Amino acid sequence: MTGRGPLIEAGVEHRFGPYGGQYVPETLMPALDELETAWVAARDDAGYKAQLGDLLRDYAGRPTPLYLAERLSELAGREIWLKREDLMHTGSHKLNNALGQALLAKGMGKHRIIAETGAGQHGVASATACALLGLQCIVYMGAEDCRRQAPNVQRMQLLGAEVVSVEAGARTLKEAVSEAIRDWVSSVATTHYIIGSAVGPAPYPALVRDLQRVIGDEARAALLERTGRLPDRVIACVGGGSNSIGIFTPFVVDADVALIGVEAAGEGLDSGRHGAPLTVGGRAGVLHGSLSAVMQDADGQITEAHSISAGLDYPGSGPEHAHLRDSGRARYVAVADADALRAFREVTRLEGIIPALETSHALHYALHVDGDGSQRDLVCLSGRGDKDLAEVIAQDDDA
Amino acid sequence: MGKPARDRVPAVEQTGEDRIAAAFALRSGSAALMPYLMGGFPDIATSRAIGEAYAANGADLIELGVPYSDPLADGPVIHAAGTAALRAGATLDGVLGVGEALAGRVPVVLMCYVNLVLARGADAFAQTLREAGISGLIVPDLPLGEEPAIADACAAHGIALVPLVAPTTTDERLALIGARARGFLYAVSVTGTTGERGSREQAFGELLARVKAQTTAPVALGFGIATAEHAAEAAGAGADGVIVGSRLVRAAAESDDPAAAAGELVAKLAAGLIR
């Protein structure tokens with residue numbers, strides 16, 4: 001029997017095929033066990049479920065609408081259904097996870113919360129959940145991301161969170177996660193780390209997926225109720241992969257539904273300046289506690305990602321995505337900065353919806369890449385783009 | 001001309017584990033001194049000179065760090081040194097070359113994050129260590145449960161895979177980890193990353209008592225040990241070995257003559273341990 005042995009069958013997945021695991025300093029292992037135990041109890045606990053369900057409905061605005069975007073459908077030549085996570089409180093799907101984990105942390109008696117953020121959406125969601133529940137909140141954010149997502153820094157500070165600007169490396173999401181983990185190694189007795197994506201050591205990839213699958217559950221039920229049939233394709237952007245695993249999960253059993261994850265091709269896959277480890281393939285590696293698709297050099301040093309969207313600017317990926325890719329159940333593609341920017345403007349003009357730059361990658365794929373005969377696409381509109389205005393306008397000025 | 005591989009390994013080879021055991025045995029009654037060296041910092045040649053200064057000034061073993069892009073267990077000093085080493089062009093092979101040069105003087109234990117091991121493959125990695133004369137391997141992000149494949153590869157090549165335990169480690173895990181320890185057991189003295197801290201004599205004693213109850217391997221204490229007083233406290237609290245990292249790396253970073261500065265500090269640390 002190992003330390004985690006008794007939990008495996010009754011707990012959550014530690015591995016997805018060969019991917020996942022718990023590659024972290026020993027200091028954190030008891031906390032991961034404690035978190036898994038707490039989650040296994042909470043997910044079946046009527047009180048926890050009722051509390052989270054009420055908050056998601058009355059506070060966060062769930063269920064979010066499912067919208068048939070007629071003008072986008074006309075452009076694409078097929079039905080484009082948008083799952084409107086942008087209409088959720090705080091403007092993205094991130095609050096599903098942040099509320100669920102903050103409630104869990106409070107139940108575990110941990111009143112100090114740390115989080116990492118790239119685009120700032122997870123940081124804002126965590127700061128919001130902590131304000132609501134009366135928890136202390138510290139958000140680690142790369143200095144470059146603080147610059148390009150300045151409105152979200154101000155939102156977090158207004159919500160009472162401390163935002164720590166991380167200067168290491170490329171000063172983006174990867175370094176923010178590393179710094180949050182270092183904080184946690186030092187503060188684990190009193191602190192819960194709300195990881196924002198379906199990455200990290202077990203139990204996080206499964207925990208975040210469980211909290212995000214509400215996106216897919218709602219969308220699947222709404223489509224069936226309104227039209228009596230499923231989509232031909234489900235399309236979502238993938239950074240670490242939380243909105244995508246959330247919308248994919250209920251459709252995994254529907255063999256006729258294609259699942260497509262859209263990564264950031266940045267300046268082009270050949271340039272090396274991208275955030276598309278699942279698309280590019282290659283040797284798996286360990287980043288932030290789990291084995292998955294990562295961008296790395298021959299020695300195994302993790303290389304820097306690049307994307308115009310801070311949320312996709314990450315050299316790793318959730319381990320369950322790597323497994324879905326290898327098993328053939330999902331397909332991963334990449335969309336470049338310039339194409340995402342074009343989709344951002346197009347969707348804004350055609351539908352009056354300003355999407356996040358992250359989401360714009362998935363929208364470009366749905367609108368402009370051959371549909372393989374699909375008659376109906378379901379796209380996760382994972383977040384709104386207000387935070388991106390300054391960055392997009394600056395790109396216009398450069399053009 | 002390289003000799004054929006079969007001639008390089010004597011028929012009865014002294015394994016890495018044997019060399020480490022001998023180094024600890026030499027200091028039984030006190031504590032072995034194991035300074036940490038960031039390989040390739042500030043550059044490969046200087047890091048080798050620093051390591052030689054360690055050996056000349058009382059180091060019993062050397063912990064040789066491989067710089068890594070995402071060192072989750074390290075505090076700011078070692079993180080920054082690793083980043084600088086990588087920028088200066090340090091590679092795994094370059095650092096292994098430093099280890100090979102130092103292994104002629106003292107046993108060398110490599111500190112290396114798991115992705116670098118997996119990238120080469122566990123067996124090839126362990127074989128490379130043996131060929132370089134390196135005695136042991138510490139992987140700070142390879143906890144109990146994830147270690148079997150790498151542990152098997154190390155065992156096959158006579159490399160001691162040294163596990164870490166922390167103040168947060170439960171007694172149940174301590175027993176399992178203690179039974180698997182090869183060479184020695186690395187006790188992390190604080191709940192935190194590497195870095196200098198104030199006196200922690202009482203905490204040293206509590207942790208060492210818990211750890212030593214669960215293992216027959218020597219126990220070396222590290223993280224947060226910066227001065228001769230700390231080293232003496234650790235030895236007094238029952239540590240079989242003392243690991244000093246950030247203080248030495250900082251000395252190397254701040255000095256115009258890193259090898260001399262680091263050697264001087266190691267001599268002071270050694271003097272703090274009653275020999």
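Worth saying up front: this structure is predicted, and the values here are computed from it rather than measured. Both backbone and side-chain heavy atoms feed into the values below; hydrogens, waters and symmetry mates do not. So you know, we letter chains A, B, ... as the sequences are listed, proteins then strands, and number each from 1.
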Winner by heavy-atom pair count (cut-off under 4.5 Å) against chain A, out of [options]:
options	result
B/P76, B/G75, B/A166	B/A166
B/V66, B/T193, B/L118, B/D70	B/D70
B/L72, B/L142, B/L164	B/L72

Exercise: do A/T27 and B/T168 side chains pair donor with acceptor under 3.5 Å: no
With a 4.5 angstrom heavy-atom cut-off, which part of [X] approaches chain B: side chain, backbone, both or neither?
X	result
A/P25	both
A/R182	both
A/A298	backbone
A/I181	side chain

message: Does this structure show an ion pair linking A/R148 with A/D313, if we count only N-O contacts that are shorter than 4.0 Å?
response: yes
- prompt: Of all heavy-atom pairs between B/A234 and B/L221, which one has the smallest distance, and what is that distance?
  reply: CB-CD2, 3.8 Å
query: Do you know which two heavy atoms are closest between A/K110 and A/V188, and how far apart they sit?
result: NZ-O, 3.0 Å
message: Taking side chain as everything from C-beta outward and backbone as N, CA, C, O, which of these in B/T83 sits under 4.5 Å from a heavy atom of chain A? Side chain, backbone, both or neither.
response: neither
- prompt: Does any heavy atom of chain A fall under 4.5 Å from the side chain of B/P71, the backbone, both, or neither of them?
  reply: both
- request: Kindly check if the number of other-residue, nucleotide or ligand heavy atoms within 6.0 Å of CZ (B/R48) is above 12?
  value: no
query: More than 12 heavy atoms of other residues, nucleotides or ligands under 6.0 Å from CZ of A/R283: is that the case?
result: yes
task: Could you tell me whether B/Y68 and B/H79 have their ring centroids closer than 6.0 angstrom?
output: no
query: What option among A/Q296, A/K174, A/E175 has the most heavy-atom pairs under 4.5 Å with chain B?
result: A/K174
